Amino acid sequence: MVHPNRRLVIKGAAAAVGAMSFAPRLMAQSAPVRIGYSMSRTGPWTGGAQVSQEPNYLLWVEQQNAAGGLDVKGVKRQIQLISSDDRSDTETVVRTYEKLMGSDKVDLVLPPWGSNANFAVAPLANRFQYPFLAPTALSKRLVEMKLPYFFLLLQQPGAMTSALVDMLKANGVKTVALIYVDDLFGLENFAAFKVALQGSGITMVEDKSYPGGVKDLSPVLRSMKDKNPDAFVGFTYPPDTILASRQSKEIGFNPKFFYASVGTAFPLYKNVMTPAGAEGVLGMGSWNSKTSPGAKAYFDAHVASQKKEPDRWASGACWAGLEILTNAVKAQGLDRKAIRDYVAGTTHKTIIGDIKFNGSENVGTPGTVSQWQNGEFEVVWPKSVATAALNPAKAAWK
């Protein structure tokens, strides 16, 4: 005779064995989705990275996890972020992603900040076959590399500079002076701008490169002021954008059109220059909360969660990339090849409009120009996506 308690033990053991056959599947479903990235938290790239990228990553994870987790082909799984400070150093970026994708074998990766870092790590991501949706890389060379796992969300130099030249030409500009940072971003945009100028009737009266980390642009700005151009264009990073604006104000250089690049769309620019001082300044921007209902919802959620406004250019592209990734994982699970194919072959509805890719390049959204008006960075060109009409004469610096 078997003791009743013995029968319970045997019965329980049998149930446990039966459960073990299902355990791997259950454990896989409940395991977090491990997503890795490096981000500039120190060093010269920090200003852009901590405005346009990392706050958006954190907001996305917060929203997904609060809703039960990322939808992985019908199964909700919490997101676990694995991230580190790359110190604005390209070698650190490469080493970090090599570890994340190689030895750590994370499920997915999110891109680092900026053209230089993405250029360095893009071939690595392609080799490990990790889809890369880059929101802050601007490089024709990245397109020309034809990396099937790499996608650029921002409008690229040709589209952005063509929109700028079209706007200048349409408003009677005949002369322009230009500065550009001496790196991949500056050189490519300068080259694209020169191509866009061909046949426009606009003459470039002066162009000057400057090194990254420049502390004084006043000599070249004074030289340009003497030539009295209709327009000034700077292919600049956030610190240089503010430096060029401040020093132009100091020397009284106030052309009819004043355009700077990265950082003009940041709330910091308006805060540093003051809303009145920023009035009429043009720059790289592509959206604001008026662009779509989704853009308004995102803007409000960003302010509520991160306690600061998103910028009106790359933050929108970053969120659009996260929208695309979310939908891809929902449709395809964590099969990275299937995600890549989904991203490459789909027209994506996003907060900044339709995005579709030809190779690595986003050909769905047009090149754009934005302008500070009454405290908002309005999209003013082309008219088809404008949130406000262009003010064709910059106000005096205040």
Side-chain angles (χ1 to χ4, degrees), residues 35-61 81-101 106 108-125 130-139 141-142 150-157 160 181 183-186 188-189 212-213 235-242 261-269 283-286 302 306 308-322 324-325 352 360 362:
I35 301 179
Y37 68 91
S38 84
M39 192 56 56
S40 304
R41 295 169 185 156
T42 55
W45 302 345
T46 305
Q50 294 304 318
V51 171
S52 299
Q53 243 166 301
E54 190 155 39
N56 291 300
Y57 291 173
L58 299 176
L59 173 61
W60 177 65
V61 173
L81 286 180
I82 301 166
S83 66
S84 60
D85 179 13
D86 58 40
R87 307 191 305 275
S88 304
D89 176 71
T90 303
E91 289 184 10
T92 302
V93 172
V94 173
R95 284 197 303 270
T96 301
Y97 280 93
E98 192 157 36
K99 182 175 185 296
L100 288 168
M101 297 184 289
V106 295
L108 299 168
V109 292
L110 299 174
W113 186 84
S115 301
N116 289 340
N118 278 276
F119 187 80
V121 83
L124 190 67
Y130 275 80
F132 233 63
L133 286 151
T136 56
L138 209 72
S139 172
R141 287 174 65 190
L142 277 165
F150 195 82
F151 301 94
L152 294 145
L153 292 156
L154 288 178
Q155 307 96 326
Q156 293 304 297
M160 291 298 281
V181 61
D183 75 352
L184 184 66
F185 168 80
E188 285 203 13
N189 277 278
F235 294 122
T236 49
Y237 286 136
D240 326 331
T241 293
I242 290 173
S261 301
V262 188
T264 321
F266 291 5
L268 174 67
Y269 185 86
M284 287 181 170
S286 59
H302 191 288
Q306 302 299 304
K308 58 183 178 182
E309 295 181 0
D311 80 89
R312 311 311 200 264
W313 186 40
S315 278
C318 188
W319 195 256
L322 294 168
I324 293 169
L325 183 62
I352 60 172
S360 294
N362 168 17

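In this text the structure is predicted, and so the values were computed from the model without any measurement.
- With sequence neighbours left out, Lys308 forms a salt bridge (Lys or Arg N to Asp or Glu O under 4.0 Å) with no residue at all.
- For Ile242, the side chain to side chain contact (heavy atoms under 4.5 Å, CB included) partners two or more places apart in sequence, or in a different chain, are Arg246, Leu268, Tyr269, Val272.
- Applying the side chain to side chain donor-acceptor pair (under 3.5 Å) criterion to Thr241, with sequence neighbours excluded, gives Thr236.
- Taken to the nearest 0.5 Å, the OG atom of Ser139 stands 11.5 Å off from the CG atom of Leu154.
- Of the possible donor and acceptor atoms, none in the side chain of Gln53 sits under 3.5 Å from a partner among the backbone N and O of Cys318.
- Partners of Ser88 according to the side chain to side chain contact (heavy atoms under 4.5 Å, CB included) rule, which considers only residues two or more places apart in sequence or in another chain, are Ser40, Pro44, Trp45, Thr46.
- When the ring-ring contact (aromatic ring centres under 6.0 Å, His included) test is applied to Phe132, the partners found at least two apart in sequence or on another chain are Tyr97, Phe150.
- Under the 3.5 Å distance criterion, with hydrogens and angles disregarded, no donor-acceptor pair is assigned to the side chains of Asn116 and Thr90.
- The salt bridge (Lys or Arg N to Asp or Glu O under 4.0 Å) check on Arg141 picks up nothing, with sequence neighbours excluded.
- Every residue two or more places apart in sequence or in another chain that forms a ring-ring contact (aromatic ring centres under 6.0 Å, His included) with Tyr57 is listed here: Tyr37.
- Under the side chain to side chain contact (heavy atoms under 4.5 Å, CB included) criterion, Pro157 pairs with Leu138, Glu188, Asn189, Ala192, sequence neighbours left out.
- To the nearest 0.5 Å, atom CG of residue Asp89 and atom CZ of residue Arg95 are 6.5 Å apart.
- Applying the side chain to side chain contact (heavy atoms under 4.5 Å, CB included) test to Thr96 and every residue at least two apart in sequence or in another chain returns Ser38, Ser84, Thr92, Leu100.
- Sorted by first then second residue, the salt bridge (charged side-chain N to carboxylate O under 4.0 Å, His left out) pairs that include residues 36-61, not counting sequence neighbours, are Arg41-Glu54.
- Taking Trp60 as the reference, Thr326 meet the side chain to side chain donor-acceptor pair (under 3.5 Å) condition, with sequence neighbours excluded.
- Sorted by first and then second residue, the salt bridge (charged side-chain N to carboxylate O under 4.0 Å, His left out) pairs with a member in residues 312-322 read Glu309-Arg312, Arg312-Glu376; sequence neighbours excluded.
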